[in-house]
Amino acid sequence: MATVLLIIHLFVTLALIGVVLLQRSEGGGLGVGSSQGMGGFMTGRGTANLLTRTTAVLGTVFFALSLTLAILGRGTAGPRSILDAPPAATAPALPATPAAPSVPTN
């Protein structure tokens, strides 16, 4: 269950990033928010309204999925933090190499 929700969460996150990048900022953004970028399909205002609504819906879904995953992950028996995890098997330490002899300079 948590794996399916995590995959959905990933797709919603990527969609949210894409929609935010498509929106027209004060500097012009990627330019998709204008009627020229959409090929005359929608007006600039219609595109902005569509992208704003899409951002709001995706943001709500993102927030709900985040809370759901946090609640589902609360009861797991694993470590609570990556700092609590046991260290991975490490290679044996190499012996220290001796320092090279110094050559006196005149």
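- Listed by chain and number, the residues in a ring-ring contact (aromatic ring centres under 6.0 Å, His included) with F63 amount to none (sequence neighbours excluded).
- Residues I8 and V4 form a side-chain contact, since some pair of their non-hydrogen atoms from C-beta on lies under 4.5 Å apart.
- In the hydrophobic cluster analysis, where Ile, Leu, Val, Met, Phe, Trp and Tyr join through side-chain heavy atoms closer than 4.5 angstrom, L10 is grouped apart from V19.
- Taken together through direct or relayed side-chain contacts under 4.5 Å among Ile, Leu, Val, Met, Phe, Trp and Tyr, V12 and L72 form part of one hydrophobic cluster.
- Linking Ile, Leu, Val, Met, Phe, Trp and Tyr whenever their side-chain heavy atoms come within less than 4.5 Å puts L65 and M1 in one cluster.
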Identify every side-chain donor-acceptor pair in residues 53-61 under 3.5 Å, counting partners at least two apart or on other chains, and give the distances.
{"residue": "T54", "atom": "OG1", "partner": "L50", "partner atom": "O", "Å": "2.7"}
{"residue": "T55", "atom": "OG1", "partner": "Q23", "partner atom": "NE2", "Å": "2.5"}
{"residue": "T55", "atom": "OG1", "partner": "L51", "partner atom": "O", "Å": "2.7"}
{"residue": "T60", "atom": "OG1", "partner": "A56", "partner atom": "O", "Å": "2.8"}

